[in-house]
Amino acid sequence: MVDSKGKLIFVKIYTMNFVEELRWRGMLQDMMPGTEEELKKENTTAYIGFDPTSDSLHIGSLVQIMILVHFQRCGHKPIALVGGATGMVGDPSGKSKERNLLSKEVLDHNLACIQKQLEKFLNFDCGLNSAEIVNNYDWFKDMSFLDFIRDTGKHITINYMLAKDSVKNRLNTGMSFTEFSYQLVQGYDFYWLYKHKNCKLQLGGSDQWGNIVTGTELIRRMEGGDAFAITSPLLQKTDGTKFGKTEEGNVWLDPKYTSPYKFYQFWLNTADEDAKNYIKIFTLLQQEEIEALVEEHEKAPHVRLLQKKLAEEITTMVHSQEDYHNAFEASQILFGKGTSENLSKLDESTFLSLFEGVPQSEITKSDLEKGISLIDLLTEKTGIFSSNGECKRFVQGGGLSINKNKINDAALLINSSFLLKNKYLLIQKGRKNYFLVLAI
RNA sequence: GGGGAGAUUCCAGAGUGGCCAAAUGGGGCAGACUGUAAAUCUGUUGGUGUACGCCUUCGGAGGUUCGAAUCCUCCUCUCCCCA
């Protein structure tokens, strides 16, 4: 399904049933009556909207991307909508506070970046069901406010809009007219796509249900047409914490925010229970294959077969085979039986590519030749520790290693002889935090 | 408008003149164990110093005292009750 560059190769499988596919993968939350029949009847066009709040999607959006991928694999036509217009308004769904608006320039930049990311997952050249990317700014930019409230707003009552959860939840704390009108703007998107692209189905997370239904309602009232909705459950982790966050924040698809190594590590660290769900949601592996994997995993959970497969598939899909390979190798060295001998045996380019995602700092060679105390090196020179005391505590607690050798003397003097390849020092703070110091 | 309670180190919350860098719990970090897991146990959680110490910190500004998180005055903010 994925070639050497990580690009998805389209496979036409008309026998696949989209709804069934979502159902067994646990990606189906809710569906409008008649949706399944519509999908069986004809090749359908569906869309999902992506929010341009930043210039990269994160793994939360990956669920929606996968839904589009499945949709296309089932022979239907997916449209990814980037919200150049809706992004200027701000979706109140699931938000407890009024959102800050982004400037037009920032939005444009974000849109271009997100579009590029989406292109990696869908096939844009496969005939009838080629994917498309549209920007709702294109049909909103020339529409006047008066036109909109006359032609569109007239069809939907305030009562109807107020009844939505996304609005109700904010009635006490306050909400601007701008955000209130969001559902109508998104509803119009659906209407526009229905009219111009014959798009009859909107997909999305379950928090989008209210917005989607406003769209189907608008289509019914303005055109007398039938349109449908399918939502997917919002991802939950078994321990109750939010999916897709690490201590450092969001896990992004863009390698400049989350390196492939960190990305790989994120999936590898998935809890057992979560991995069973994620592998269905984030990979294209077939049911039998997944069932076999789960079974094997349960026989020997400590091998973490599921996590490894999960991390491999997703890293390869989002980044590339090569990135996966490097992340895997780096993990082997850093967490496996890597010793300082292993480290020094690596050739320099491999060594560097392994530590691509590891924070780096620099020190001059002349400092090292004179010899520098461990504490000075790790606080003043590199800022790896914020105070001398913290550094000492780590050493005393056995939590500090250099080049995979545990350090237990805080007064240690570091000189050139510690350098790997006469150039690098690999600092390990605790079990999982690595820093690379370059001597220049 | 009247009356009362409070603001403490990441959070919650003790402390009511010297024994307070400040109990306890949570969280964080680390160590052991393990599966780069969960649970558990241990250590650590203002800065500096090897250390008795020293420096900065208990809403803000002043004051009393040999000595203040603790007492006094003013200010700011939060909560509660009555109108």
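Protein chains get the first letters and strands the later ones, always in sequence-line order, with residue 1 at the start of each.
Phosphate proximity of B:U48 to A:N388: present, with a side-chain N or O under 4.0 Å from OP1 or OP2. OP1 or OP2 of B:A30 sits under 4.0 Å from a side-chain N or O of A:N433. Put simply, A:S387 has a side-chain N or O that comes within less than 4.0 Å of OP1 or OP2 on B:U48.
Rounded to whole Å, the separation between the C1' atoms of B:A37 and B:C33 comes to 12 Å. The same atom, P, is picked in B:G27 and in B:A39; the two are 10 Å apart, to the nearest Å. Remark: the separation of the P atoms in B:G53 and B:U36 is 44 Å, to the nearest Å. As rounded to the nearest Å, B:U70 and B:U16 have C1' atoms that lie 5 Å from one another. Remark: the separation of the P atoms in B:A68 and B:C58 is 13 Å, to the nearest Å. Comparing B:C20 with B:A14, their C1' atoms are spaced 12 Å from each other, to the whole Å. Nucleotides B:U8 and B:G13, compared at atom P, are 9 Å apart to the nearest Å. Taking the C1' atoms as reference points, B:A32 lies 27 Å from B:U50, given to the whole Å.
Counting non-hydrogen atoms under 4.0 angstrom, A:Q307 reaches a base of the nucleic acid. A:K406 comes within 4.0 angstrom of the backbone, heavy atoms only, and of no base. No engagement by A:E390 is indicated, since no non-hydrogen atom pair under 4.0 Å with the nucleic acid exists. Among the atoms of the strands shown, base atoms are found under 4.0 Å from some heavy atom of A:R304. Residue-level contact check: A:L400 touches neither bases nor backbone, having no heavy atom under 4.0 Å from any strand. Residue contacts shown for A:S331 include a base, since a base heavy atom lies under 4.0 Å away.
Both distances falling under 3.5 Å, in either a Watson-Crick or a G-U wobble arrangement, place B:C71 opposite B:G63. With both pairing distances under 3.5 Å, B:A5 is matched to B:U78 as a Watson-Crick or G-U wobble pair. Nucleotide B:U36: unpaired (no Watson-Crick or G-U wobble partner with both distances less than 3.5 Å). Summarising the base pairing, B:U50 is matched to no nucleotide, lacking a Watson-Crick or G-U wobble pair whose two defining distances lie under 3.5 Å. Shown here, B:G43 forms a base pair with B:C29; the pair counts as Watson-Crick or G-U wobble because both key distances fall under 3.5 Å. As the counterpart of B:C58, no nucleotide is assigned, since no Watson-Crick or G-U wobble pattern has both distances under 3.5 Å.
When rounded to the nearest whole Å, the span between CG of A:D409 and C1' of B:U50 equals 12 Å. Rounded to whole Å, atom P of B:U34 lies 17 Å from atom CG of A:D272. Residue A:I384 contributes atom CD1, which lies 15 Å from atom P of B:A30 at whole-angstrom precision. Atom OH in A:Y434 sits about 12 Å away from atom P in B:A30, given to the nearest Å. Between the NZ atom of A:K429 and the C1' atom of B:U36 there is a distance of 18 Å, rounded to whole Å. Atom NZ in A:K432 sits about 13 Å away from atom P in B:G28, given to the nearest Å. Counting to the nearest Å, the P atom of B:U36 and the CD atom of A:E312 are 18 Å from each other. Atom pair A:Q396:CD and B:U44:C1' shows a separation of 10 Å (rounding to whole Å applied).
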Inset, instruction - May I have the step-by-step check of side-chain contact (heavy atoms from CB on, under 4.5 Å) for A:F148 and A:F140, ending in yes or no? - result: CA-CA 9 Å; A:F148 183 70; A:F140 272 112; 4.0 Å; yes
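Here B:U45 is the nucleotide among B:U36, B:A30, B:U45 with the atom lying nearest to any side-chain atom of A:R393.
Of the two residues near RNA chain B, A:T270 and A:G389, the one whose nearest nucleotide lies more 5' is A:T270.
Side-chain N/O atoms of A:Q186 and A:Q208 include a donor and acceptor closer than 3.5 Å. Using a 3.5 Å distance cut-off with no hydrogens or angles, the side chains of A:Q307 and A:D272 do pair a donor with an acceptor.
Relative to the six-membered ring of A:F180, A:K164 misses at least one condition, a distance below 6.0 Å or an angle of at most 45° to the axis. Figure legend: cation-pi geometry between A:K429 and A:F385, with NZ or CZ positioned under 6.0 Å from the six-membered ring centre and within 45° of its axis.
When each of A:L162, A:I158, A:T157 is paired with A:Y160, the side chain to side chain contact (heavy atoms under 4.5 Å, CB included) condition holds for A:T157 and for no other.
Applying the ring-ring contact (aromatic ring centres under 6.0 Å, His included) criterion to A:H297, with sequence neighbours excluded, gives no partner residue.
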